[in-house]
Amino acid sequence: MKKSVFIGALTAAGLAAGFASAGTLEDVQAAGSLKCGVTTGLVGFAAPDANGEWEGFDVSVCRAVAAAVLGDGTAVEFVPTTGQTRFTALASGEIDLLARNTTWTFSRDVDLKFTFVGVNYYDGQGFMVRKDLGVSSATELDGATVCIQTGTTTELNLADYFKSNNMSYEPVPIETNAEAQQQYLAGACDVYTTDASGLAATRATFEDADAHVLLPEIISKEPLGPLVRHGDDQWADIARWTLNALITAEEIGVTSANLEEMAKGTNNPEINRLLGTEGDLGGMLGLDAEWAKRAIAVGGNYGEIYAANIGEGTPIALARGLNAQWTQGGLIYSPPFR
């Protein structure tokens, strides 16, 4: 009896592994497009423009992977997902890659069986209130009504923070950022809480942004990054090293402006390996030599993508902070290309 149960378990595990390792790279190449899960709309990170074209910081990851794999950064089918639907969409195969402000946690990595391929934004949970509420600290929010997206780490962090500070609150559950914005502006809640980057992005869309303030407290660690399903190491490697290519390009000075010139060959071996004029890193991934060059060409290096979508020169106005390169006192760091 024990033996048959054991064999049955092995068979089930084998079937699951077989499904997961069916070859996402081959599936994407056969389809001719990358199915990328994004948020339902968060300006600066992922949102359709006036023409319906998706753009943003997270969207740039999708386009870079598509360029590396398919040679075309526009060959992406964007699938809007909520905090509740995103993991089902990835687990079921509805999407090939999830790139929407998703926090890397133990349970998501281990229990839900996803592989986070890196961190593209180091964040933390914050609070936004109307200035006329007269609050200057999150410790003054006892009894507040709080708009909170369900199915998120934000929901759990909020409960922990209020409990540890002996405060109570009334949750106003919402599904999407658009719904949260609507409810908050309508006065259905005193506070909106989510990742601080999301608050800044939301506030930037308000008609009277100066009437709203982000409180100083950051109550959690929220390392945000793209993820894939367990069991397909080749696909995880492609997503991971595409992100790393964007990060390394900034560190070693490869930009959208000098990319073509650098790709002719330089006296820097790491640039040459990255851009495919030395070694065979592309072949190791099952791609050609210019995979990283194409990924960088779509929107530039990590710093260029940051500046164009969420940097201090945009309405979102996020300083680099922890998201500066490690050489500039931040946490953004890629393993070596060698």
Look up atom [atom1] in [X] and atom [atom2] in [Y], then write down how far apart they are to the nearest 0.5 Å.
| X | Y | atom1 | atom2 | answer |
| --- | --- | --- | --- | --- |
| Y122 | I332 | OH | CD1 | 5.5 Å |
| I252 | T248 | CD1 | OG1 | 6.0 Å |
| D142 | S168 | CG | OG | 4.5 Å |
| T205 | L185 | OG1 | CG | 7.5 Å |
| I316 | N309 | CD1 | CG | 8.0 Å |
| F162 | Y169 | CZ | OH | 7.5 Å |

Legend entry - Pair Q234-E26, side chain to side chain contact (heavy atoms under 4.5 Å, CB included): steps then yes or no: CA-CA 11 Å; Q234 181 187 24; E26 290 78 9; 4.1 Å; yes

Just by distance, no angles: are the side chains of [X] and [Y] close enough, under 3.5 Å, to form a donor-acceptor pair?
| X | Y | result |
| --- | --- | --- |
| T85 | T88 | no |
| N177 | T202 | yes |
| N120 | D58 | yes |
| T74 | D72 | yes |
| Q84 | T150 | yes |
| D109 | T115 | no |
| Q149 | T154 | no |
| T176 | T82 | no |
| T24 | D96 | no |
| S220 | E222 | yes |
| S334 | E251 | no |
| N301 | T255 | no |
| T139 | S137 | yes |

When you check the gap from the basic side-chain N to the acidic O, do [X] and [Y] get nearer than 4.0 Å?
| X | Y | result |
| --- | --- | --- |
| D288 | K293 | no |
| D237 | R240 | yes |
| E250 | R320 | yes |

Does [X] use its side chain to pair, donor to acceptor, with the backbone of [Y] at less than 3.5 Å?
| X | Y | result |
| --- | --- | --- |
| N258 | V254 | no |
| R273 | G279 | no |
| Q125 | K221 | no |
| D49 | G52 | yes |
| E155 | G151 | yes |
| Q325 | I247 | yes |

Could you tell me if the side chain of [Y] sits less than 4.5 Å from the side chain of [X], heavy atoms only?
| X | Y | value |
| --- | --- | --- |
| Y161 | E217 | yes |
| P223 | T103 | yes |
| F45 | E55 | no |
| F127 | L214 | no |
| Q29 | V69 | yes |
| V38 | V79 | no |
| P335 | W241 | yes |
| H212 | K131 | no |

Legend entry - Option among V228, L90, I238 that satisfies the side chain to side chain contact (heavy atoms under 4.5 Å, CB included) test with L97: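 Exactly one candidate clears the test, V228.
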
Legend entry - Test side chain to side chain contact (heavy atoms under 4.5 Å, CB included) applied to P226 and V117, L98, T242, the passing residue: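 Among the candidates, only V117 passes.
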
Testing the basics here: between [X] and [Y], what is the closest heavy-atom pair and its distance to 0.1 Å?
| X | Y | result |
| --- | --- | --- |
| E270 | F337 | OE2-N, 3.0 Å |
| A204 | P315 | CB-O, 3.4 Å |
| G300 | L246 | O-CD2, 3.8 Å |
| S92 | A89 | OG-O, 3.2 Å |
| P171 | I148 | CB-CG2, 4.1 Å |
| M262 | L275 | CB-CD1, 3.7 Å |

Inset, instruction - Check step by step if side chain to side chain contact (heavy atoms under 4.5 Å, CB included) holds for L318 and S197. - result: CA-CA 7 Å; L318 291 171; S197 64; 3.9 Å; yes

Legend entry - CA sep, side-chain torsions, deciding dist, call: E304, S256, side chain to side chain donor-acceptor pair (under 3.5 Å): CA-CA 8 Å; E304 290 178 285; S256 56; 2.6 Å; yes

Inset, instruction - Apply the side chain to side chain donor-acceptor pair (under 3.5 Å) test between T81 and each candidate in R100, R86, E94; give the one that qualifies. - result: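 Single side chain to side chain donor-acceptor pair (under 3.5 Å) partner of T81 among R100, R86, E94: R100.
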
Treating Ile, Leu, Val, Met, Phe, Trp and Tyr as nodes and any side-chain heavy-atom pair under 4.5 angstrom as an edge, say whether [X] and [Y] lie in one connected cluster.
| X | Y | answer |
| --- | --- | --- |
| L224 | I95 | yes |
| I174 | L42 | no |
| L25 | L227 | yes |
| V59 | V119 | no |
| Y306 | L259 | yes |

Inset, instruction - Begin from the C-alpha positions of V135 and L141 and carry the test side chain to side chain contact (heavy atoms under 4.5 Å, CB included) through to its verdict. - result: CA-CA 8 Å; V135 170; L141 294 176; 4.0 Å; yes

Legend entry - R108/T102 under side chain to side chain contact (heavy atoms under 4.5 Å, CB included): CA gap, chis, key distance, verdict: CA-CA 10 Å; R108 290 172 177 178; T102 299; 3.9 Å; yes

Inset, instruction - Please check if the distance between the ring centroids of F114 and F87 is under 6.0 Å. - result: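 F114 vs F87: aromatic centres under 6.0 Å.
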
Inset, instruction - Establish, yes or no, whether the cationic atom of R130 lies under 6.0 Å from the six-membered ring centre of Y184 and within 45° of the ring axis. - result: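 Yes, R130 and Y184 form such a contact.
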
